Amino acid sequence: VQLQASGGGLAQPGGSLRLSCAASGPTFSSVVVGWFRQAPGKEREFVARISWSGISTYYADSAKGRFTISRDNAKNTVYLQMNSLKPEDTAVYYCAADPSSRAVLMVKPNYWGQGTQVTVSS
């Protein structure tokens, strides 16, 4: 599975952005996909993940109620809708995939995309 994240940019506090993760490969519909982020000087952290079917989702506490992860297997794409953005959401965001949900939650998925920068500032 090859992944490419896009959609980052500059947003004001309280604003919104939607990130996209486009995938290629015949097994995309059978993998768990997650979003992660890494701020300067900090470790990469888990943000959200979605099951292969799209039915099951899970969020980090920092994302609950503000971010929504979704997927369209027909388009081989996973989305992260980010609302009510805060300056502390500033980071490079990555999408990644693995057949194992545990690997995604442990920030150890096998397949990583390149990052997209999200900056939240007035």
Side-chain angles (χ1 to χ4, degrees):
V1 177
Q2 293 183 323
L3 306 165
Q4 184 170 357
S6 62
L10 175 64
Q12 292 188 340
S16 299
L17 284 173
R18 188 175 82 155
L19 306 183
S20 297
C21 177
S24 61
T27 60
F28 174 75
S29 61
S30 64
V31 295
V32 177
V33 179
W35 283 98
F36 306 81
R37 67 186 184 186
Q38 188 166 19
K42 294 187 177 181
E43 293 187 354
R44 192 170 298 185
E45 64 178 8
F46 167 81
V47 175
R49 73 103 174 104
I50 189 165
S51 64
W52 65 269
S53 66
I55 294 176
S56 174
T57 58
Y58 185 79
Y59 298 90
D61 288 344
S62 59
K64 286 179 183 177
R66 300 188 300 126
F67 294 2
T68 302
I69 189 171
S70 60
R71 70 189 291 166
D72 185 340
N73 285 342
K75 296 182 178 180
N76 278 10
T77 303
V78 172
Y79 305 97
L80 185 69
Q81 178 67 43
M82 305 187 295
N83 299 328
S84 302
L85 285 165
K86 305 175 182 180
E88 50 263 45
D89 293 320
T90 296
V92 178
Y93 283 71
Y94 300 86
C95 60
D98 195 278
S100 166
S101 179
R102 178 177 174 80
V104 171
L105 293 176
M106 296 297 290
V107 197
K108 295 180 178 180
N110 274 320
Y111 310 103
W112 287 92
Q114 92 293 352
T116 185
Q117 176 71 46
V118 170
T119 302
V120 183
S121 175
S122 56

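What's counted below: heavy atoms across the whole structure, side chains too, no hydrogens, waters or symmetry copies. These figures come from a predicted structure and were not determined experimentally.
By the 6.0 Å contact criterion, CD on E43 is open, its count of non-hydrogen atoms from other residues, nucleotides or ligands being 12 or less. For Y59, the OH atom is densely surrounded, since the number of other residues' heavy atoms within 6.0 Å is greater than 12. The local environment of CD in Q114 is crowded, with over 12 non-hydrogen atoms from other residues, nucleotides or ligands closer than 6.0 Å.
Residues passing the ring-ring contact (aromatic ring centres under 6.0 Å, His included) test with W52: none are found, sequence neighbours excluded. Residues satisfying the salt bridge (charged side-chain N to carboxylate O under 4.0 Å, His left out) criterion with R49, sequence neighbours excluded, are absent altogether.
Residues V104 and P109 approach most closely at CG2-CB, 4.3 Å, considering heavy atoms. For S122 against P13, the heavy-atom pair with the smallest separation is N-CD, 3.7 Å. Between L3 and A23 the shortest heavy-atom distance is CD2-CB, 3.5 Å. For the residue pair N83 and S16, the shortest heavy atom distance occurs at OD1-OG, 2.9 Å. Here the closest heavy-atom approach between residue P87 and residue T90 is recorded as O-OG1, 2.9 Å. Contact between T77 and A22 at its shortest, heavy atoms only, is OG1-CA, 4.2 Å.
Counting only residues at least two apart or in different chains, salt bridge (charged side-chain N to carboxylate O under 4.0 Å, His left out) contacts with residues 70-80 are absent.
In this structure a side-chain-to-backbone donor-acceptor pair under 3.5 Å is missing from Q117 to G8. When atom types are taken as modelled, the side chain of N110 and the backbone of D98 share no donor-acceptor pair closer than 3.5 angstrom.
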CA sep, side-chain torsions, deciding dist, call: Y93, M82, side-chain contact (heavy atoms from CB on, under 4.5 Å): CA-CA 12 Å; Y93 283 71; M82 305 187 295; 3.8 Å; yes
Y94/R44 under side-chain contact (heavy atoms from CB on, under 4.5 Å): CA gap, chis, key distance, verdict: CA-CA 9 Å; Y94 300 86; R44 192 170 298 185; 3.4 Å; yes
Steps toward side-chain contact (heavy atoms from CB on, under 4.5 Å) verdict (F46, Y58): CA-CA 10 Å; F46 167 81; Y58 185 79; 3.7 Å; yes
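Transitive grouping of hydrophobic side chains (ILVMFWY, heavy atoms separated by less than 4.5 Å) brings L19 and V78 into a common cluster. Following chains of ILVMFWY side-chain contacts shorter than 4.5 Å, one cannot reach L80 starting from V92, and the two form parts of different hydrophobic clusters. Criterion: ILVMFWY side-chain heavy atoms under 4.5 Å apart, direct or through other members. Under it, V47 and I69 are part of a common hydrophobic cluster. Residues I50 and V31 share a hydrophobic cluster, clusters being chains of Ile/Leu/Val/Met/Phe/Trp/Tyr side chains in contact below 4.5 Å.
Residues V120 and L17 are not in side-chain contact: their nearest non-hydrogen atoms beyond the backbone lie 4.5 Å or more apart. The side-chain heavy atoms of V33 and Y111, taken from C-beta on, include no pair separated by under 4.5 Å.
Side-chain contact of T119 with S121: a donor-acceptor pair under 3.5 Å is absent, judged by distance alone.
Because its NZ or CZ atom is both nearer than 6.0 Å to the ring centre of Y79 and within 45° of the ring axis, R18 counts as a cation-pi partner of that residue.
Within the 6.0 Å centre-distance limit, the rings of W112 and F36 are counted as a close aromatic pair.
To the nearest 0.5 Å, the span separating CD on Q2 from CD on Q4 amounts to 9.5 Å.
Between D89 and K86 no salt bridge is recorded (no basic side-chain N to carboxylate O distance below 4.0 Å).
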